[in-house]
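Below is one structure, written out as structure tokens; comments come after it.
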Amino acid sequence: SHSCHYCFANLNKPDRRADLPQVLNLLKKFRERKTVEATLLKHSVPILVSNKVDPFAKSNYRISVPLLRSMNDLGLRFAIQTKGGDGVDEVLAFM
């Protein structure tokens, strides 16, 4: 949706989307879980957002902004790889 010549976010699949249920399942009660991912979150290992999708691409920003706000509210550390786009200013305001 950013009209990039090469898109790491869509990988030649314009219908590719972030898997929101999978992410929410991981974040839900991570403090009580004993998975590797939950352990990393409990130890404040930063999350790299967008190594597979760009959170501010038109195909993702509507779910990215509330998800990143939730991560921020949970005190989780994260970094974002992006070219910018819709919703980026809102996220930068609460980061």
* Sequence-distant partners of V91, side chain to side chain contact (heavy atoms under 4.5 Å, CB included), two or more places apart ->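 In terms of side chain to side chain contact (heavy atoms under 4.5 Å, CB included), with neighbours along the sequence ignored, V91 is linked to F56, V65, L68, I80, F94, M95.
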* **Those residues that, when tested against L40, pass side chain to side chain contact (heavy atoms under 4.5 Å, CB included) (two or more places apart)** =>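 Once residues adjacent in sequence are excluded, the partners of L40 under the side chain to side chain contact (heavy atoms under 4.5 Å, CB included) criterion are V36, V45.
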Could you go through residues 23-34 and list every donor-acceptor pair under 3.5 Å that involves a side-chain atom there, pairing it with any protein atom two or more places apart or in another chain?
from: R31; atom 1: NH2; to: L74; atom 2: O; distance (Å): 3.0
from: R33; atom 1: NE; to: K28; atom 2: O; distance (Å): 3.1

Of the non-hydrogen atoms in [X] and [Y], which two are nearest, and what is the gap between them?
X   : Y   : answer
D54 : K83 : OD2-N, 3.3 Å
V49 : F78 : CG2-CB, 4.1 Å
S64 : P55 : OG-O, 2.8 Å

* With a cutoff of under 4.5 Å between side-chain heavy atoms, which Ile, Leu, Val, Met, Phe, Trp and Tyr residues group with Y61? ->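 Direct or chained contacts put Y61 with none.
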* Any pair counted as salt bridge (Lys or Arg N to Asp or Glu O under 4.0 Å), so long as it reaches residues 70-79, sequence neighbours left out ->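 Applying salt bridge (Lys or Arg N to Asp or Glu O under 4.0 Å) to every pair that reaches into residues 70-79, excluding sequence neighbours, yields nothing.
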* Sequence neighbours excluded, which residues qualify as side chain to side chain donor-acceptor pair (under 3.5 Å) partners of R69? ->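 R69 satisfies side chain to side chain donor-acceptor pair (under 3.5 Å) with E90 only.
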